[in-house]
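Below: the structure, in structure tokens.
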Amino acid sequence: MNGDDTDQDTTLDSQRFVDGAGEDGEQAPPTADGEESTGRDGDRQTDDGGSSTDGDSGNGDSQGDDSPGDDSPGDDSSDADPASPEGGDPSSSVRGSVGSADVDLDAGGDGVDSSVLDDVMLDDVGSEDTEEASQGLFDDLLAGDPIFENKEVLRPSYTPRKLPHREEQINNMATILVTALRGDSPSNILIYGKTGTGKTASAKFVSTELESTSQKYEVPCEVEYINCEVTDTQYRVLAQLANKFIEKNEAVIDEELDELADLRERARDDPTALADTEYDSAAAVEDRIEQLEDDRDSFEQVPMTGWPTDRVYSTFFDAVDYHERVVVIMLDEIDKLVEKSGDDTLYNLSRMNSELERSRVSIMGISNDLKFTDFLDPRVKSSLGEEEIVFPPYDANQLRDILEHRAEVAFEGDALTDDVIPLCAAFAAQEHGDARRALDLLRTAGELAERDQTDDVNEDHVRKAQEKIELDRVVEVVRTLPTQSKLVLFAIIMLEKNGVHNINTGEVYNVYQRLCEEIDVDTLTQRRVTDLISELDMLGIVNAVVVSKGRYGRTKEISLSVPIEETEAVLLSDSRLSDIEDTQPFVQTRFDSDN
């Protein structure tokens with residue numbers, strides 16, 4: 001230390017004073033009368049002979065003035081710095097020293113910079129308050145007996161070991177796919193059915209059985225699942241498949257390289273180690289290692305964008321055909337892929353087998369739309385729909401069996417009252433026999449019971465869950481509407497809020513035009529707005545009924561089918577519509593004048 005410490009900041013000097021330590025972390029030796037030894041010009045003497053200048057001599061505002069005559073003269077019992085080799089409490093700190101009797105906190109400005117002490121004291125108080133506030137925050141919520149034992153069993157992503165009332169469809173799939181275990185290409189399969197009829201769960205169950213059986217008999221068979229609602233373009237589908245098979249090929253190569261490296265080492269010490277292998281010399285093993293390393297280096301992951309589609313397809317083709325195997329590609333929501341990208345992907349995949357040398361590929365398509373094949377090229381339709389399996393909706397009794405089967409695993413012993421499962425099944429049976437809806441109802445009812453801190457799930461919880469799920473569905477549908485549809489819906493909401501009943505299309509269009517002007521959006525024609533109202537009617541958001549006005553013709557009378565306040569809040573959460581409330585007085589005035 002050079003002794004030119006005048007540029008050190010106030011906080012550091014204050015901390016040195018509070019700790020009573022020198023710049024190198026050593027305790028400053030006390031003088032005979034208990035005061036710190038000082039050097040010439042008031043500089044504090046340090047153990048290594050340097051000095052720490054506290055400011056200009058004689059300046060009453062000096063930074064960290066260490067002049068003798070402090071409020072605690074003769075006190076040499078201050079805690080040693082944690083770095084000090086002379087002992088003391090190792091947990092001592094600036095904060096600890098301030099809290100001790102070494103420093104009088106009521107002292108004036110001659111001692112420590114008050115801002116430092118304020119910070120230290122506030123930190124101490126804040127930490128204690130935080131600790132006290134955090135105690136018991138969740139204790140009450142955890143105090144009651146748990147209702148769920150395994151909630152994941154009630155989620156759509158869970159694939160159970162048993163699927164009640166789907167044995168026939170599962171056996172049909174197994175009969176078709178068993179060909180893969182013989183090394184041949186199975187027929188392509190199309191699976192149809194409404195949402196919640198067990199299509200995906202059954203297909204995943206059969207696929208898991210297929211892969212486990214293939215490992216048992218050492219037959220190379222693999223199933224790849226793709227959700228086409230997320231991966232909805234030909235490029236993305238091919239890229240995702242290519243990358244999956246590249247990763248699998250690299251894993252196979254790495255495993256073989258490890259085995260060959262071990263064989264090479266053993267062959268060097270004992271040439272007879274190659275006796276029971278396909279290699280006749282260590283050089284042959286070395287050649288195989290080099291070939292595998294070259295193969296591994298040749299693989300290149302496909303980026304999510306940027307490559308020509310034919311290059312992506314070629315990469316996928318080479319990755320699949322790297323070694324012998326039967327591949328089943330499961331395309332869930334396959335109609336979304338066709339709707340977004342046409343049938344080129346299906347055409348390419350269905351024609352691969354004529355070009356592959358080592359592998360075989362089969363397609364399993366899953367769709368909610370029974371008519372989506374009507375839009376396919378006839379050649380694709382004939383090859384893709386070689387086998388078709390239809391999943392009918394569940395009835396109330398079947399849904400009850402499914403719920404009882406899941407509830408045994410999902411809930412604790414007597415967590416459900418007797419009327420819960422029948423009510424959930426009845427609600428779901430009203431909506432096309434949707435098992436997913438029934439499971440959501442049961443899970444949500446359980447969650448509501450947990451929040452109420454009750455001992456069991458009862459009928460009231462199921463009815464509240466029904467309302468909550470319905471509202472969540474409305475919120476999600478409204479949130480994802482296009483901007484123009486949101487404007488039309490908002491116009492209807494504003495009319496209803498201003499007391500207008502039996503709203504007609506012309507009234508909606510007048511308000512819609514005003515809203516478009518407010519947020520600077522292109523205005524559609526009245527015919528197009530009428531079409532948007534019909535779409536909202538199909539989604540169940542509004543109710544549009546065509547009524548006859550006699551000699552005045554026919555018109556649509558429109559009313560909301562969803563809660564006004566919640567729907568309006570969702571619309572206003574859209575950044576483009578957030579200022580739309582400014583037009584409401586205009587609408588009110590217009591209808592006041594009409595009356």
Side-chain angles (χ1 to χ4, degrees), residues 152-153 155-193 197-228 237 240-256 258-259 316 319-334 349-350 352-353 356-367 383-391 402 405-406 409 435:
E152 297 304 312
V153 173
R155 297 194 183 278
S157 57
Y158 176 78
T159 303
R161 294 298 303 167
K162 182 181 179 182
L163 289 159
H165 307 292
R166 285 296 176 253
E167 292 82 4
E168 179 183 350
Q169 289 78 12
I170 288 174
N171 288 333
N172 287 344
M173 278 188 275
T175 303
I176 298 167
L177 295 175
V178 70
T179 309
L181 298 175
R182 301 190 180 104
D184 297 326
S185 174
S187 299
N188 296 324
I189 306 174
L190 277 181
I191 299 173
Y192 298 102
T197 53
K199 304 182 302 298
T200 302
S202 299
K204 286 185 174 180
F205 174 79
V206 174
S207 300
T208 302
E209 288 291 310
L210 179 65
E211 288 189 317
S212 61
T213 307
S214 71
Q215 294 174 2
K216 176 181 176 181
Y217 291 102
E218 297 183 350
V219 178
C221 182
E222 303 169 12
V223 180
E224 292 298 337
Y225 173 85
I226 291 181
N227 186 345
C228 296
V237 169
Q240 185 170 327
L241 288 170
N243 290 337
K244 284 184 177 181
F245 284 105
I246 287 173
E247 291 173 1
K248 290 187 174 185
N249 293 341
E250 290 174 342
V252 170
I253 290 174
D254 289 341
E255 183 178 353
E256 187 174 351
D258 290 340
E259 294 174 355
F316 164 59
V320 170
D321 209 32
Y322 180 71
H323 63 78
E324 182 180 356
R325 58 185 151 198
V326 177
V327 176
V328 178
I329 299 174
M330 190 190 308
L331 299 174
D332 201 357
E333 307 284 356
I334 190 173
L349 293 177
S350 63
M352 282 184 67
N353 288 331
L356 292 170
E357 297 179 1
R358 302 182 181 91
S359 301
R360 293 290 178 266
V361 172
S362 176
I363 300 173
M364 181 189 297
I366 304 173
S367 173
S383 61
L384 188 64
E386 294 173 338
E387 299 283 352
E388 295 186 356
I389 300 175
V390 178
F391 281 65
I402 293 170
H405 178 69
R406 298 282 187 102
V409 184

Rounded to the nearest 0.5 Å, what separates atom [atom1] in [X] from atom [atom2] in [Y]?
X: H405; Y: K162; atom1: NE2; atom2: NZ; value: 6.5 Å
X: S350; Y: N188; atom1: OG; atom2: CG; value: 7.0 Å
X: K204; Y: K199; atom1: NZ; atom2: NZ; value: 12.0 Å
X: L331; Y: C228; atom1: CG; atom2: SG; value: 4.5 Å
X: S202; Y: H165; atom1: OG; atom2: NE2; value: 12.5 Å
X: R360; Y: T179; atom1: CZ; atom2: OG1; value: 13.0 Å

Specify the closest pair of heavy atoms between [X] and [Y], including all atoms of both residues, with the distance to one decimal.
X: C221; Y: A180; result: SG-CB, 3.8 Å
X: F205; Y: P160; result: CD1-O, 3.7 Å
X: A201; Y: T159; result: O-CG2, 3.9 Å
X: A319; Y: F245; result: CB-CB, 3.9 Å
X: E209; Y: S212; result: O-OG, 2.9 Å
X: S187; Y: E386; result: CA-OE1, 3.2 Å

Assess whether atom CD of E324 is packed by more than 12 heavy atoms of other residues, nucleotides or ligands within 6.0 Å.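 Atom CD in E324 is not packed in, count stays at 12 or less.
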
If we only count heavy atoms from C-beta on, is the [X] to [Y] side-chain gap below 4.5 Å?
X: I389; Y: M173; answer: yes
X: M364; Y: I191; answer: yes
X: Y217; Y: L181; answer: no
X: I189; Y: E388; answer: no
X: M330; Y: V223; answer: yes
X: S207; Y: V328; answer: no
X: Y225; Y: T200; answer: yes
X: I170; Y: E168; answer: no

Does a salt bridge link R406 with E152, judged by any charged N lying under 4.0 Å from a carboxylate O?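 Salt bridge flag = no for E152 with R406.
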
Answer yes when K248 and E224 have at least one side-chain N-carboxylate O distance shorter than 4.0 Å, and no when they do not.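 Salt bridge: yes.
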
Side-chain donor/acceptor of D321 to backbone N/O of S359, under 3.5 Å: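 Yes: the side chain of D321 pairs with the backbone of S359.
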
Please lay out, stage by stage, how I226 and D332 fare under the test side-chain contact (heavy atoms from CB on, under 4.5 Å). CA-CA 6 Å; I226 291 181; D332 201 357; over 6 Å; no

For the pair M352 and F316, evaluate side-chain contact (heavy atoms from CB on, under 4.5 Å) and give the outcome as yes or no after the intermediate values. CA-CA 11 Å; M352 282 184 67; F316 164 59; 3.4 Å; yes

side-chain contact (heavy atoms from CB on, under 4.5 Å) assessment of V326 paired with S185: CA-CA 7 Å; V326 177; S185 174; 5.7 Å; no

Would V320 and Y322 count as a side-chain contact (heavy atoms from CB on, under 4.5 Å) here? Give the steps. CA-CA 6 Å; V320 170; Y322 180 71; over 6 Å; no

